[in-house]
Structures are given as structure tokens and as C-alpha cells.
Amino acid sequence: IARHVSPYLDDFVDNWRRHLAPPGQELDHQYLFCMDNGKPATADTIYQIVSRSVFRLTGKKTNPHLLRDSIVTHLRGTDASEGELEALALYMGHSVSMQKSSYDRRTKEQKVAPALTVIQAMCDTYVPH
């Protein structure tokens, strides 16, 4: 988690999250995410929350893994630098090669398009018309 975000999360857990406890209950843990009953959220709970939220916002079924996949595929289709993609891979807990092999869902045509643009630019520059 980025350093500038950490103080806000700590403040939420220490000062504000308790206001979300069920009436008459106190939270006896330091977890960031809780269920409606005040218990710590499980991985399955978070998976369901993400899946339902994305569906509500987009009308498309997805899950946290596909969301990660979509982010990488989108960024690989933009002018994101190799440094930015490497940082994203590290943030996701992967190597760049793992990120490319597991999360990049662009078609072959989409992947080679930048090379074709460079080749066309070279032809336009160096080949007489």
C-alpha cells in the first residue's frame, strides 16, 4: 500500500470503523474489512463484494482475478512505460514475465500493432515515394 494511503487506513481502523459495528457490539480486531455482523471479512466475502459491485456498475460478471487481468490488459494497450508496467507487476506480486503471460489478454494483432506503426514510420521516413 502506498505510504501516503497508510495513515488514512490507520485512522479509519483506529477511529472510524468502530462506528460501523452492529448496535451494542464492539469490534475486537484490527481488520480493515468487516462483515455486517462485525466479524472480520473472509477472502470469500471480499471476492463476492468485488464481483457484485463490478456487476452493479458495469452489468458484466467478473471477479477480482479478472479485474486484475483487465487492468493489465488495458495498461498494456496504452502508452504505459515499461517502468510503470514493471511497478504494477511488483505491486501485484508478480514478475514482468508472469504479468505478461498470465494477465495480458490482448490479441496477437493488438500486441504487434506498435511494431507495425514503427515499421510504417520507418518506411515513410526512409523509403522514397
Side-chain angles (χ1 to χ4, degrees):
I1 296 176
R3 282 186 215 153
H4 71 279
V5 175
S6 186
Y8 296 104
L9 295 176
D10 290 340
D11 183 50
F12 174 78
V13 169
D14 294 341
N15 300 308
W16 297 103
R17 194 190 47 154
R18 69 173 177 241
H19 298 289
L20 299 175
Q25 288 187 14
E26 287 197 28
L27 300 177
D28 59 352
H29 55 75
Q30 291 294 304
Y31 290 96
L32 180 61
F33 299 107
C34 302
M35 297 188 296
D36 291 340
N37 63 6
K39 302 273 188 224
T42 64
D44 187 53
T45 301
I46 294 170
Y47 183 98
Q48 289 175 11
I49 290 169
V50 170
S51 298
R52 289 178 185 153
S53 297
V54 171
F55 183 78
R56 189 179 71 246
L57 293 170
T58 67
K60 297 180 181 180
K61 290 185 178 181
T62 191
N63 58 56
H65 181 79
L66 288 175
L67 189 57
R68 289 167 59 126
D69 182 277
S70 297
I71 291 167
V72 171
T73 299
H74 171 75
L75 288 178
R76 287 213 163 265
T78 67
D79 60 352
S81 70
E82 285 301 312
E84 290 167 328
L85 293 168
E86 180 180 2
L88 178 62
L90 293 172
Y91 191 70
M92 293 172 67
H94 296 297
S95 66
V96 174
S97 62
M98 172 63 96
Q99 181 192 70
K100 286 180 183 177
S101 67
S102 295
Y103 291 98
D104 187 0
R105 300 290 181 226
R106 293 175 297 157
T107 64
K108 183 176 180 179
E109 291 78 18
Q110 291 169 320
K111 290 178 182 179
V112 300
L116 296 176
T117 301
V118 169
I119 291 169
Q120 184 63 52
M122 290 173 50
C123 290
D124 292 346
T125 302
Y126 300 109
V127 177
H129 291 69

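No experiment lies behind these values; they were computed from the predicted model shown. Hydrogens, waters and symmetry mates play no part in the numbers below; they use all other heavy atoms, side chains included.
Side chains of M92 and I71 form no contact here, defined as non-hydrogen atoms less than 4.5 Å apart.
Not counting sequence neighbours, S53 has no partner by the side chain to side chain donor-acceptor pair (under 3.5 Å) test. In this structure, T117 has no side-chain contact (heavy atoms from CB on, under 4.5 Å) partners at least two apart in sequence or on a different chain. Among residues two or more places apart in sequence or in another chain, the side-chain contact (heavy atoms from CB on, under 4.5 Å) test is passed with D44 by T42, Q48. By the side-chain contact (heavy atoms from CB on, under 4.5 Å) test, P64 pairs with Y47, V50, S51, sequence neighbours left out. Every residue meeting the side chain to side chain donor-acceptor pair (under 3.5 Å) condition with Q110, not counting sequence neighbours, appears here in chain and number order: T107. Every side chain to side chain donor-acceptor pair (under 3.5 Å) that S95 has, sequence neighbours left out, goes to S97. Legend: residues meeting side-chain contact (heavy atoms from CB on, under 4.5 Å) with A87, ordered by chain and number and at least two apart, are absent. Under the side chain to side chain donor-acceptor pair (under 3.5 Å) criterion, E86 pairs with no residue, sequence neighbours left out.
Closest approach of L67 to T62, counting heavy atoms only: N-OG1, 3.8 Å. Across all their heavy atoms, T45 and M35 have their closest contact at OG1-SD, 3.4 Å. P22 and D36 make their closest contact through CG-O, 3.2 Å (heavy atoms, listed as atom of the first residue, atom of the second, distance). Among all heavy-atom pairs drawn from Q25 and N37, the shortest one is OE1-O, 3.1 Å.
Each side-chain hydrogen bond (donor to acceptor under 3.5 Å, both in side chains) pair with one or both residues in residues 13-24, not counting sequence neighbours, appears once here: D11-N15, D11-W16, R17-H29.
Residue-environment remark: OH (Y31) stays at or below the threshold of 12 foreign heavy atoms within 6.0 Å.
Grouping the Ile, Leu, Val, Met, Phe, Trp and Tyr side chains by contacts below 4.5 angstrom, directly or via other members, places I46 with V54. Linking Ile, Leu, Val, Met, Phe, Trp and Tyr residues whenever their side-chain heavy atoms come within less than 4.5 Å places L85 and V72 in a single cluster. V13 and V5 end up in the same hydrophobic cluster when Ile, Leu, Val, Met, Phe, Trp and Tyr side chains are linked at under 4.5 Å. Cluster membership for F12 and F33, using ILVMFWY side-chain heavy atoms within less than 4.5 angstrom, is shared.
Between atom CD of residue Q120 and atom OG1 of residue T125 there is a gap of 9.5 Å, rounded to the nearest 0.5 Å. A distance of 12.0 Å separates CD1 in I119 from CG in D124, rounded to the nearest 0.5 Å. One finds the CZ atom of R68 at 10.0 Å from the OH atom of Y91 (value rounded to the nearest 0.5 Å). Taken from NE2 in H65 to CG in D69, the straight-line distance is 5.5 Å, to the nearest 0.5 Å.
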